[in-house]
There are 2 protein chains.
Amino acid sequence: MKISKKCQYALKAILELARRNPGKPIKTHDIANAQRISPRFTEIILNELKHGGFVESRRGNEGGYMLARDPKALTVREVIEYIQGAISVAPEAIKDNGDTAFFGNEAFKELWQEVNSAVTEVCGNKTFADMVEFEQAKREKCVPNYCI
Amino acid sequence: MKISKKCQYALKAILELARRNPGKPIKTHDIANAQRISPRFTEIILNELKHGGFVESRRGNEGGYMLARDPKALTVREVIEYIQGAISVAPEAIKDNGDTAFFGNEAFKELWQEVNSAVTEVCGNKTFADMVEFEQAKREKCVPNYCI
DNA sequence: TTATTTCCTACTGTATTAGTAGTATATTAT
DNA sequence: ATAATATACTACTAATACAGTAGGAAATAA
């Protein structure tokens with residue numbers, strides 16, 4: 001399972017929303033700028049995320065997007081699965097209707113399922129609140145705003 | 001990281017070699033047949049595996065391929081990394097020279113590294129001997145050769 | 001009404017993947 | 001030696017997915 005650029009952008013966009021104080025909609029333009037994503041592509045992605053219930057939108061002047069979910073309860077896994085489908089390194093090999101008559105069929109199924117579980121667990125345990133916190137901690141460490 | 005068909009075929013080919021008693025070279029044709037791979041594509045893959053030192057070849061009549069490594073000490077990870085490069089779900093995002101100036105840079109790096117480690121561990125612990133054994137156990141269970 | 005911004009559909013260039021084709025080269029059996 | 005067989009190697013191609021663009025329609029606030 002490769003994480004596509006689009007999917008990475010989606011995660012970035014949500015992180016950007018999660019990081020800002022809520023209450024006011026944020027423009028795609030701002031999100032695109034902050035996260036270095038093509039503005040037009042950002043539109044598409046945010047619109048898609050809206051259909052998935054991850055963000056809310058407001059049109060017109062002073063419009064934009066707001067996070068629709070609590071960052072503490074929103075995992076990376078959910079977003080990935082919505083944008084690029086179920087996490088799997090070898091989707092065809094796991095299907096039950098696949099070719100089953102060769103030696104190794106069961107062993108490979110088992111292998112890929114183990115891999116998928118491992119990935120799913122990591123992504124399912126990582127919330128956007130975690131990520132915001134992690135990033136802020138890192139930045140504080142590197143650029144301390146106090147002197148000895 | 002998606003596991004490409006080619007890579008899956010490579011794993012299958014090696015499993016097929018690991019499963020058979022060694023000593024005699026096995027023809028690509030037989031491997032292709034047993035594992036349901038396009039014969040011509042099998043050639044390419046086996047040749048590539050030879051350059052990686054995974055198999056040995058013998059040309060001419062009664063020629064074919066033989067496993068060059070001990071299945072007990074050969075892991076799935078090695079083959080995957082040889083055929084499609086280092087295991088990573090988001091190679092660009094992990095590089096150090098990448099764009100670092102946006103919020104989330106560090107958090108995403110950490111995330112993808114966790115995912116990669118998880119996958120690498122699973123694949124690095126699975127040997128071809130394991131897989132042959134697993135498959136044989138499964139088959140014995142389903143088609144027992146004894147009666148009560 | 002005007003400026004702004006989301007919403008929606010369709011299109012396009014590029015890269016990767018999966019597989020094919022043709023031929024050269026090596027080995028063995030006879 | 002020669003015919004038959006099988007690997008070795010290079011190049012090509014069709015299909016698919018990915019990443020991003022283009023153009024306008026609809027909604028909202030001032």
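Just so you know, these numbers use all the heavy atoms, side chains as well, and skip hydrogens, waters and symmetry mates. In what follows, chains carry the letters A, B, and so on, assigned in the order in which the sequence lines appear, proteins first and then strands, with residues in each chain numbered from 1. Values in this document were obtained by computation on a predicted structure and should not be read as measured data.
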Return the polar atom pairs (N/O with N/O) between nucleotides 11-13 of chain C and the protein under 3.5 Å, or none.
none

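- Within the structure, salt bridge (Lys or Arg N to Asp or Glu O under 4.0 Å) contacts touching residues 57-79 of chain A (residues at least two apart or in different chains) are A:Arg69-A:Glu78, A:Arg77-A:Glu81.
- Atom CD1 of B:Ile45 is separated from atom C1' of D:dT7 by 15 Å (rounded to the nearest Å).
- Side chain of A:Lys27, nearest nucleotide from D:dC9, C:dT5, C:dC8: C:dT5.
- B:Arg36 forms no cation-pi arrangement with A:Phe102, by the criterion of a distance under 6.0 Å to the ring centre and an angle within 45° of the ring axis.
- Set against D:dA8, C:dC7, C:dC8, the side chain of A:His51 has C:dC8 as its closest nucleotide.
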Pull out every protein N or O sitting under 3.5 Å from an N or O of nucleotides 28-30 of chain D, one pair per line with the distance.
unit_1	atom_1	unit_2	atom_2	d
D:dT28	O2	A:Asn61	N	3.3

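- Scanning for ring-ring contact (aromatic ring centres under 6.0 Å, His included) contacts around A:Phe54 gives A:Tyr82, with sequence neighbours left out.
- For B:Thr28, taking side-chain heavy atoms from C-beta onward, the closest of the listed nucleotides D:dT7, D:dA8, C:dC8 is D:dT7.
- Using a 4.0 Å cut-off, no side-chain N or O of A:Ser57 falls inside it from OP1 or OP2 of C:dT5.
- Whole-Å rounding puts the A:Glu43 CD to D:dA22 P distance at 13 Å.
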Under 3.5 Å, which protein N or O atoms sit close to an N or O of nucleotides 15-20 of chain D? Give each pair with its distance.
unit_1	atom_1	unit_2	atom_2	d
D:dA19	OP1	A:Lys5	N	2.8
D:dG20	OP2	A:Tyr9	OH	3.4

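- Within the structure, salt bridge (Lys or Arg N to Asp or Glu O under 4.0 Å) pairs that include any residue of residues 122-133 of chain B comprise A:Glu114-B:Lys126 (at least two apart or interchain).
- Checked against B:Leu49 for a side chain to side chain contact (heavy atoms under 4.5 Å, CB included), the options B:Leu17, B:Ile83, B:Ile44 give a single hit: B:Ile83.
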